[in-house]
Amino acid sequence: MHRLTSPLCESPSEQPAAFAAIRPHFQPIVASRSHALFAVEALLRLPAMTTSCEPLVRQWEASGEVVKIDILMVRRVAAALRRSTLGLPLRVGVNVSALTVALIPDQYLRELEHLTKVASGVIVEVTETYPIHDIGALLYFARKCSALGVRIALDDCKPQHVFSSPWLVSWVRPDIIKIDGALLCQCFERQSVEPVAEIIRLARSIGAAVVAEHIESKVMGDWACNLGAGFMQGYYFGTPQPLHG
């Protein structure tokens, strides 16, 4: 298994200046029928940026900087939870690039272990933007997460992507499969059931929970719920915000 040849920055003062403004904002994930809070997902945000950082993430993956970003985000999520005045520990989801999983799994896992001390539960979402070149590295990471009590999610699943491949899902056996929000919106607008139903059937085949992303209205949420999505996330339930405190 590959490892980085140069160490990551270990303290905030050593982080590149461009990373200093990165902050986690948190968006609720709720149970589909009761709308009870299940978890919050920590999303990377920069000042004056309110939408997805995906173009930046792709640049960081191309340069290799994403491994530093992923470590930094886990640390800042843990710090935000420690400062929070909400009163109860939260189950929290964090995103990780497949490149980080391949290059520095053990270092990232140590950061996750620290996060488990301040959260009521941790979900690590492997993002879809970097190709899976080494299935063995992903399997190693998934087994180690399971040993830590950390749940694995595959993010932004959609037909034709490897995360929706039965062979990969059967090997990795994620705890959670998240349906790509753009796909969900498109299918809802067209009332096209099959692409979403295909992913839900795949999740059920291994007993994984399903999260429908980008839910924008009650009608859309009811539609996804009736198809079998057990959990939901989207602006209808809350925009990404800093934690109080």
Side-chain angles (χ1 to χ4, degrees), residues 1-12 14-16 19 22-24 26 29 38-44 53 57 60-61 63-82 84 89-157 162-163 168-178 206-209 211:
M1 189 176 298
H2 300 291
R3 295 291 186 272
L4 286 182
T5 56
S6 58
L8 293 182
C9 301
E10 293 297 332
S11 70
E14 294 173 326
Q15 294 290 351
F19 297 171
I22 288 173
R23 292 291 182 273
F26 298 83
I29 301 171
F38 169 67
V40 292
E41 181 184 355
L43 297 164
L44 186 153
C53 291
V57 171
W60 290 329
E61 285 178 328
S63 69
E65 294 289 329
V66 74
V67 298
K68 299 177 183 178
I69 298 290
D70 285 343
I71 292 285
L72 181 63
M73 273 291 288
V74 175
R75 293 177 181 176
R76 292 196 171 164
V77 168
L81 291 177
R82 293 188 192 99
S84 173
L90 292 170
R91 182 183 290 116
V92 64
V94 292
N95 292 309
V96 66
S97 169
L99 182 60
T100 301
V101 168
L103 292 180
I104 57 161
D106 294 320
Q107 183 170 353
Y108 187 80
L109 286 159
R110 286 194 293 272
E111 299 296 334
L112 288 182
E113 187 171 9
H114 295 316
L115 183 57
T116 64
K117 303 297 193 297
V118 294
S120 66
V122 174
I123 303 163
V124 60
E125 301 184 15
V126 183
T127 57
E128 83 292 353
T129 51
Y130 194 83
I132 302 294
H133 294 303
D134 184 355
I135 184 66
L138 183 56
L139 291 174
Y140 171 85
F141 183 75
R143 287 196 299 269
K144 290 291 187 177
C145 282
S146 180
L148 285 176
V150 171
R151 299 186 191 191
I152 283 279
L154 297 181
D155 198 16
D156 289 334
C157 294
V162 69
F163 281 0
L168 184 141
V169 168
S170 66
W171 275 82
V172 177
R173 302 194 73 81
D175 301 286
I176 298 168
I177 286 179
K178 302 188 76 174
I206 60 160
V211 177

Can you find a heavy atom in the side chain of [X] that is under 4.5 Å from one in the side chain of [Y]?
X: Ile22; Y: Met73; answer: yes
X: Tyr140; Y: Asp106; answer: yes
X: Asp175; Y: Ser146; answer: no
X: Thr127; Y: Val57; answer: no
X: Asp156; Y: Phe163; answer: no
X: Ile71; Y: Ile104; answer: yes

Separation between SG of Cys157 and CD1 of Ile177, rounded to the nearest 0.5 Å: 5.0 Å
Separation between CG of Leu138 and CG of Leu154, rounded to the nearest 0.5 Å: 7.0 Å
From CA spacing to verdict: side-chain contact (heavy atoms from CB on, under 4.5 Å), Phe141, Val150: CA-CA 11 Å; Phe141 183 75; Val150 171; over 6 Å; no
Test side-chain hydrogen bond (donor to acceptor under 3.5 Å, both in side chains) applied to Asp155 - qualifying residues, sequence neighbours left out: none
Contacts of type side-chain hydrogen bond (donor to acceptor under 3.5 Å, both in side chains), residue Glu125, not counting sequence neighbours: Lys178
Check: residues 114-124 side-chain donor-acceptor pairs under 3.5 Å, at least two apart:
| residue | atom | partner | partner atom | Å |
| --- | --- | --- | --- | --- |
| Thr116 | OG1 | Glu113 | O | 2.5 |
| Lys117 | NZ | Glu113 | O | 3.4 |
| Ser120 | OG | Leu90 | O | 3.4 |
| Ser120 | OG | Arg91 | N | 3.0 |

Might you point out which heavy atoms bring [X] and [Y] nearest each other, and give the distance in Å?
X: Pro24; Y: Ala42; value: CB-CB, 4.3 Å
X: Pro131; Y: Ala98; value: O-CB, 4.3 Å
X: Ala208; Y: Pro174; value: CB-O, 3.4 Å

side-chain contact (heavy atoms from CB on, under 4.5 Å) assessment of Val74 paired with Val96: CA-CA 9 Å; Val74 175; Val96 66; over 6 Å; no
Derivation of the side-chain contact (heavy atoms from CB on, under 4.5 Å) call for Leu139 and Val172: CA-CA 6 Å; Leu139 291 174; Val172 177; 4.0 Å; yes
Test side-chain contact (heavy atoms from CB on, under 4.5 Å) applied to Tyr130 and Val101, step by step: CA-CA 10 Å; Tyr130 194 83; Val101 168; over 6 Å; no
Ring pair (Phe, Tyr, Trp, His ring centres under 6.0 Å) involving Phe26 - partner list, sequence neighbours excluded: none
side-chain hydrogen bond (donor to acceptor under 3.5 Å, both in side chains) contacts in which one or both residues fall within residues 95-104, not counting sequence neighbours: Glu41-Asn95, Glu61-Ser97, Asp70-Thr100
